[in-house]
Amino acid sequence: MYPAQPWHKIVWSGNTIPRWSFILWLAVLQRLSTKDRLRSWGLQLDGTCPLCKSANETHQHLFFECSFSTIVWQHLATKNMILDMPSSLVEVLDWYCGQVNSKSLKSISLHCSLAATVYGLWRERNCRIFQGKVMGHDQVLNSIEADVRDFLSSRRKMKLSSENQSLCRNWGLSNRIFLPV
């Protein structure tokens, strides 16, 4: 049996949709079938990142170094009131472990945004490779935002605070998620 990792509660929290958590887990373990992994298995294929088309696709590049991904992360960091995003998945998880309280709206928003973004970027990458469909970063962002907004709007009984109200405004959520005063 493997020892529990410090990030396991972030990846497997109840604050995400299971398919998002699964893809996030594979990404953290660097087990997604990125082009660098496929090439290491002997497959002959173009290793270029399908999102930016300017570098070889690795886990680190796809999720944090790619210009396409960077735009998505920066936008979502602003929505979540984060000033400085870490630059790798392991750093993000370490940072989250020190930042979040699992019951706060900000914590739920961070968990959900992280998992939805990794899932959304992976989904866009796969759509480009396997279906030939290409969405711009604004469309990918809109899709991720809608998923996160829908998930957050299903939450109830949050405490009314100025930070929570700001998050609600940023995500376009109604005040129905707050406990009655």
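Residue numbers count from 1 along this sequence. Because the structure is a prediction, the values reported are computed rather than measured.
- One hydrophobic cluster holds both Leu105 and Ile17 under the rule that ILVMFWY side chains link at heavy-atom gaps under 4.5 Å.
- Here the side chain of Gln30 pairs no donor or acceptor atom with the backbone of His59 at under 3.5 angstrom.
- The only option from Val148, Ile144, Ile82 that meets the side chain to side chain contact (heavy atoms under 4.5 Å, CB included) definition with Leu76 turns out to be Ile144.
- Within the 3.5 Å criterion, the main-chain N or O of Leu110 finds no donor-acceptor partner in the side chain of Ser113.
- Side chain of Arg128 to backbone of Val134: no donor-acceptor contact under 3.5 angstrom is found.
- Through chains of ILVMFWY side-chain contacts below 4.5 Å, Phe130 is grouped with Ile129.
- In summary, Arg125 and Glu57 engage in a salt bridge, as defined by a charged side-chain N under 4.0 Å from a carboxylate O.
- With Ser143 contributing its side chain and Gln139 its backbone, the two residues share no donor-acceptor pair below 3.5 Å.
- Considering only residues two or more places apart in sequence or on other chains, Arg19 meets the salt bridge (charged side-chain N to carboxylate O under 4.0 Å, His left out) condition with none of them.
- Here the SG-NZ distance, from Cys127 to Lys133, works out to 6.5 Å after rounding to the nearest 0.5 Å.
- Between the side chain of Ser69 and the backbone N or O of Glu65 there is no donor-acceptor pair closer than 3.5 Å.
- A pairwise comparison of heavy atoms in Leu32 and Ala27 identifies CD1-CB, 3.7 Å as the closest pair.
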